[in-house]
**Student:** 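Quick one: the structure is below, and I'll ask about it shortly.
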Amino acid sequence: AWVPARRAAHTPPIPLLKRGGESQPIPWQPLALLGLSLLLAGFALPTALRLPPGVAWHAYLGSGLILVGGSLATTALLPVLGRPGRNAAHWIWRLRLRPLQRPTGRHAFAAAALSVAVGMAVGVGIMVRSFEHTLDTWIRASQRADLYISPLGATGASSHRLSSDLQLALAGDPAVAAADPFEQVSMILNGRATFLGSHDFEVLAPRGAFLMSRGGIPQDVLNAIHTAGLAAPGAMVSESFAQHFHVDVGSNLEVPTPQGPRSLRIHGVFQDYGNEHGSILIDRPVFKAWYQEERATGMALFLKHGESASAAARRLAKAHPGLKIQTRAENRERAHTLFQQTFGITYALELIALTVALLGLVQAVLSLAMARRGELWTLRALGAKEREITRILMGEGLGMALAGLLGGLVLGGVMARILVHELQPQKFGWSLRFTVPWTALAGLSLLSFLAAALAILPATRWGARLRVDREAEEGA
């Protein structure tokens with residue numbers, strides 16, 4: 001609001017009174033140069049500056065600079081899009097594009113607002129798609145079991161666990177090839193909340209049920225930890241844990257247990273998107289020895305070849321009514337549903353931003369038509385038809401929309417780079433695979449352009465019917 005207010009305050013009164021106060025062209029070159037500088041600064045700031053884990057103000061500031069800089073740089077697209085009008089053979093095309101060659105503040109603000117809305121939709125959309133693709137890859141790699149079993153009741157309650165007898169009964173089912181009882185307990189380590197979990201590494205090693213970031217292939221890491229056993233206890237830690245606690249492969253870690261502090265050597269760092277606090281994973285025998293706990297939070301069952309997961313789930317649920325049994329497909333579908341619910345509000349906010357930007361575009365078209373009403377009346381006097389004037393105004397409006405759309409795609413792509421490669425690792429310790437949803441971006445671009453055309457069509461038709469004050473035109 002400060003920029004247009006300042007321009008209005010510094011505009012002499014006589015130009016405002018002449019012919020309805022047409023807007024004057026803006027110096028778009030300095031604005032575009034300033035915008036490009038801010039955009040580059042926004043990209044460089046979080047890339048070059050390294051802060052402690054969890055501190056991400058530089059990523060937020062960089063994203064803000066990218067939005068502001070990208071919107072200002074979008075003004076440079078208006079003269080570029082208007083340039084073909086100089087040599088256009090048809091007079092309608094010349095009049096369509098002529099205003100874009102010397103854009104006013106109304107042109108710039110409408111295009112900038114649309115570029116910000118599209119840029120936010122593109123940037124967040126790429127981040128969400130990158131997260132979804134990474135999460136899907138992680139789920140497919142980490143959830144290799146056919147059935148996942150947990151007791152019905154309060155999660156984490158001591159009375160709701162699988163007894164050792166029940167674990168033996170489930171593992172001994174004729175359809176089961178292998179079983180992995182797992183456990184997870186919360187703890188405070190170095191003043192920070194985290195989790196310690198256990199799995200049967202001997203069962204998981206040949207099945208490669210982890211995505212490793214560092215340390216080697218999962219089978220080798222799990223076998224090394226299992227072979228060392230209690231003699232030299234080892235562990236794997238998640239990426240977020242490694243970042244928050246400043247450890248890596250080869251580091252030694254001391255954790256509190258009911259038997260007193262115990263030392264662990266880190267053999268690998270794995271990807272985990274289940275929590276942002278980080279996790280330590282140790283072998284099941286080590287956990288049982290340290291915690292004197294035979295029960296388990298849950299159990300993963302690997303079925304024999306040819307066995308039906310759904311049939312086994314129904315049979316086990318009938319035999320053990322106190323258990324919650326889910327197949328691998330059901331587990332993945334549940335994770336996907338939770339993901340969509342989590343980011344559902346994001347899509348709604350993007351739609352609101354685009355709607356507001358389109359309304360701003362409509363307002364710009366109406367005000368520009370008012371400013372050009374003398375020129376439009378002259379065209380009617382020279383024989384131009386209403387539909388031809390509508391096409392002139394429509395071309396001007398679509399030029400602003402196209403500039404905003406192109407600028408938004410660029411600044412959205414730059415902002416997505418910051419969100420995926422800087423904000424997520426810095427804030428949560430998660431590494432995401434940068435994934436561009438090309439089909440979705442093409443659909444967003446097409447729908448945004450069509451929505452802009454439909455939104456400004458009534459405004460251009462109204463502008464084509466404007467009547468000018470003849471006395472004002474003749475200087476009476």
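As the structure is a computational prediction, the values presented were derived from the model and not from experiment. What you see below is based on every heavy atom in this structure, not just the backbone, and it leaves out hydrogens, waters and symmetry mates.
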**Student:** Quick one: do the T104 and H107 side chains pair a donor with an acceptor below 3.5 Å?
**Tutor:**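 Note: T104 and H107 side chains meet the donor-acceptor criterion.
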
**Student:** Would you mind reporting whether S63 and L419 have side-chain heavy atoms less than 4.5 Å apart?
**Tutor:**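 A side-chain contact under 4.5 Å exists here.
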
**Student:** Do the side chain of D136 and the main chain of E132 share a donor and acceptor less than 3.5 angstrom apart?
**Tutor:**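 Not confirmed, D136 side chain does not pair with E132 backbone.
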
**Student:** Which pairs, with at least one residue in residues 334-347 and sequence neighbours excluded, count as a salt bridge (charged side-chain N to carboxylate O under 4.0 Å, His left out)?
**Tutor:**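 Of all non-adjacent pairs touching residues 334-347, none passes salt bridge (charged side-chain N to carboxylate O under 4.0 Å, His left out).
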
**Student:** Give every donor-acceptor pair under 3.5 Å between a side-chain atom in residues 268-275 and any protein atom, sequence neighbours left out.
**Tutor:**
unit_1: Q271; atom_1: OE1; unit_2: Y273; atom_2: OH; d: 3.3
unit_1: D272; atom_1: OD1; unit_2: G274; atom_2: N; d: 3.1
unit_1: Y273; atom_1: OH; unit_2: S431; atom_2: O; d: 2.5
unit_1: N275; atom_1: OD1; unit_2: H277; atom_2: N; d: 2.9
unit_1: N275; atom_1: OD1; unit_2: G278; atom_2: N; d: 2.8
unit_1: N275; atom_1: ND2; unit_2: S279; atom_2: OG; d: 3.2

**Student:** Can you name the closest pair of heavy atoms from A235 and I282 and give their distance?
**Tutor:**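 Where A235 meets I282 most closely, the heavy atoms are CB-CG2, 3.8 Å.
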
**Student:** Between E396 and P99, which heavy-atom pair has the shortest distance, and what is it?
**Tutor:**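 So the minimum-distance heavy-atom pair works out to OE2-CB, 3.4 Å.
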
**Student:** I'd like to check the ring pair (Phe, Tyr, Trp, His ring centres under 6.0 Å) partners of F434; sequence neighbours left out, ordered by chain and number.
**Tutor:**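 For F434, the residues satisfying ring pair (Phe, Tyr, Trp, His ring centres under 6.0 Å) (neighbours in sequence not counted) are H421.
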
**Student:** Not counting sequence neighbours, which residues clear ring pair (Phe, Tyr, Trp, His ring centres under 6.0 Å) with F195? List them please.
**Tutor:**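 Result, ring pair (Phe, Tyr, Trp, His ring centres under 6.0 Å) vs F195: none returned.
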
**Student:** Just verifying a value: how many Å separate T460 OG1 and E386 CD, rounded to the nearest 0.5 Å?
**Tutor:**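 Result: 10.0 Å between the selected atoms.
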
**Student:** Pair V221, I225 - check side chain to side chain contact (heavy atoms under 4.5 Å, CB included), show working.
**Tutor:** CA-CA 6 Å; V221 175; I225 296 174; 4.1 Å; yes

**Student:** Are the side chains of M127 and M415 in touch, meaning some heavy atoms are under 4.5 Å apart?
**Tutor:**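 They are not in contact (no side-chain heavy atoms under 4.5 Å apart), so the answer is no.
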
**Student:** Quick one: side chains of residues 442-455, donor-acceptor pairs under 3.5 Å with protein atoms, not counting sequence neighbours, listed by atom name and distance.
**Tutor:**
unit_1: S445; atom_1: OG; unit_2: L441; atom_2: O; d: 2.8
unit_1: S448; atom_1: OG; unit_2: L444; atom_2: O; d: 2.7

**Student:** Give the intermediate values and the outcome of side chain to side chain contact (heavy atoms under 4.5 Å, CB included) for residues R102 and I26.
**Tutor:** CA-CA 7 Å; R102 302 181 65 199; I26 61 171; over 6 Å; no

**Student:** Quick check on M394: does its CE atom have over 12 non-hydrogen neighbours (other residues, nucleotides or ligands) under 6.0 Å away?
**Tutor:**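 Result for CE/M394: enclosed.
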
**Student:** Do W28 and L78 touch side chain to side chain, with heavy atoms closer than 4.5 Å?
**Tutor:**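 Heavy-atom side-chain distance check fails, nothing below 4.5 Å.
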
**Student:** Under the side chain to side chain contact (heavy atoms under 4.5 Å, CB included) rule, what do F43 and L40 come out as? Steps first, then yes or no, please.
**Tutor:** CA-CA 5 Å; F43 179 79; L40 293 176; 5.7 Å; no

**Student:** Could you tell me which residues satisfy salt bridge (Lys or Arg N to Asp or Glu O under 4.0 Å) with R192, sequence neighbours excluded, listed by chain and number?
**Tutor:**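 Once residues adjacent in sequence are excluded, R192 has no partner under the salt bridge (Lys or Arg N to Asp or Glu O under 4.0 Å) criterion.
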
**Student:** Taking atom OH of Y60 and atom CD1 of I418, what is their separation to the nearest 0.5 Å?
**Tutor:**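 Atom-to-atom, Y60:OH and I418:CD1 are 13.0 Å apart.
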
**Student:** When rounded to the nearest 0.5 angstrom, what is the spacing between CG in L406 and OG1 in T74?
**Tutor:**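 That separation rounds to 9.0 Å.
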
**Student:** Nearest 0.5 angstrom please: F109 CZ to L114 CG, how far?
**Tutor:**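 Between atom CZ of F109 and atom CG of L114 there are 15.0 Å.
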
**Student:** Taking E239 for its side chain and W430 for its backbone only, find out whether a donor-acceptor pair lies under 3.5 Å.
**Tutor:**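 No: the side chain of E239 does not pair with the backbone of W430.
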
**Student:** Going by salt bridge (charged side-chain N to carboxylate O under 4.0 Å, His left out), name the pairs with one or both residues in residues 79-99, residues two or more places apart or in two chains.
**Tutor:**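 Residue pairs with at least one partner in residues 79-99: R98-E375.
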
**Student:** Minimum heavy-atom separation for L361 and A110, please, with both atom names.
**Tutor:**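 Heavy-atom minimum between the residues: CD1-CB, 4.0 Å.
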
**Student:** Scan side-chain atoms only and decide if E183 and S198 contain a donor-acceptor pair under the 3.5 Å cut-off.
**Tutor:**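 Checked: E183/S198 side chains show no N/O donor-acceptor pair below 3.5 Å.
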
**Student:** R465 versus I389: any side-chain heavy-atom pair under 4.5 Å?
**Tutor:**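 When only atoms from C-beta onward are counted, I389 and R465 do not touch, as no gap falls below 4.5 Å.
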
**Student:** F201: which residues meet the ring pair (Phe, Tyr, Trp, His ring centres under 6.0 Å) condition with it, sequence neighbours left out?
**Tutor:**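 F201: no ring pair (Phe, Tyr, Trp, His ring centres under 6.0 Å) contacts found.
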
**Student:** Going by salt bridge (Lys or Arg N to Asp or Glu O under 4.0 Å), name the residues that satisfy it together with E422, two or more places apart in sequence or in a different chain.
**Tutor:**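 Result, salt bridge (Lys or Arg N to Asp or Glu O under 4.0 Å) vs E422: R50, R417.
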
**Student:** Do side-chain atoms of E388 reach the backbone of K385 as a donor and acceptor pair under 3.5 angstrom?
**Tutor:**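 Flag set: sc E388 to bb K385 pair under 3.5 Å.
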
**Student:** Quick check: do M236 and L222 have side-chain heavy atoms less than 4.5 Å from each other?
**Tutor:**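 When only atoms from C-beta onward are counted, L222 and M236 do touch, with a gap below 4.5 Å.
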
**Student:** From M212 CE over to I217 CD1, what is the distance, rounded to the nearest 0.5 angstrom?
**Tutor:**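 It is 10.0 Å, given to the nearest 0.5 Å.
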
**Student:** For residues 324-331, which side-chain donor-acceptor pairs fall under 3.5 Å, sequence neighbours excluded?
**Tutor:**
unit_1: T327; atom_1: OG1; unit_2: E330; atom_2: N; d: 3.2
unit_1: R328; atom_1: NH1; unit_2: R144; atom_2: O; d: 2.8
unit_1: E330; atom_1: OE1; unit_2: T327; atom_2: N; d: 3.0

**Student:** Sequence neighbours excluded, which residues qualify as side chain to side chain contact (heavy atoms under 4.5 Å, CB included) partners of V55?
**Tutor:**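 Residues passing side chain to side chain contact (heavy atoms under 4.5 Å, CB included) with V55: L51, P52, W57.
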
**Student:** Is the closest side-chain donor-acceptor distance between R433 and T134 under 3.5 Å?
**Tutor:**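 Side-chain D/A pair, R433 to T134: absent.
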
**Student:** In Å and rounded to the nearest 0.5 Å, what is the CG to CG distance from L432 to L135?
**Tutor:**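 Here the rounded value is 9.5 Å.
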
**Student:** Would you indicate whether the side-chain heavy atoms of V414 and L39 approach each other to under 4.5 Å?
**Tutor:**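 Sidechains of V414 and L39: in contact.
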
**Student:** Of all heavy-atom pairs between A108 and T75, which one has the smallest distance, and what is that distance?
**Tutor:**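 Here A108 and T75 meet closest at CB-CG2, 3.6 Å.
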
**Student:** Please name the pair of heavy atoms, one in I126 and one in G413, separated by the smallest distance, quoted to 0.1 Å.
**Tutor:**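 For I126 and G413, the tightest heavy-atom pair comes out as CD1-CA, 4.4 Å.
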
**Student:** Keeping the roles fixed (side chain from D146, backbone from A309), state whether a donor-acceptor pair exists under 3.5 Å.
**Tutor:**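 Answer holds: no.
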
**Student:** Taking atom CZ as the centre, does R461 end up with more than 12 heavy-atom neighbours from other residues, nucleotides or ligands that are less than 6.0 angstrom away?
**Tutor:**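 For R461, atom CZ is not crowded (no more than 12 foreign heavy atoms under 6.0 Å).
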
**Student:** Do N252 and L264 have side chains that get closer than 4.5 Å, going by heavy atoms?
**Tutor:**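 Result no, sub-4.5 Å side-chain heavy-atom pair not found.
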
**Student:** Run the ring pair (Phe, Tyr, Trp, His ring centres under 6.0 Å) test against H267 and tell me which residues pass, sequence neighbours left out.
**Tutor:**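 Ring pair (Phe, Tyr, Trp, His ring centres under 6.0 Å) check on H267 returns nothing, list empty.
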
**Student:** Do the non-hydrogen side-chain atoms of V237 and L281 ever get within less than 4.5 Å of each other?
**Tutor:**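 The answer is no; the side chains never approach within 4.5 Å.
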
**Student:** What are the two closest heavy atoms between L81 and G399, and how far apart are they?
**Tutor:**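 That closest heavy-atom pairing would be CD1-O, 3.5 Å.
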
**Student:** Walk me through whether I66 and L38 qualify under side chain to side chain contact (heavy atoms under 4.5 Å, CB included).
**Tutor:** CA-CA 6 Å; I66 289 171; L38 291 176; over 6 Å; no

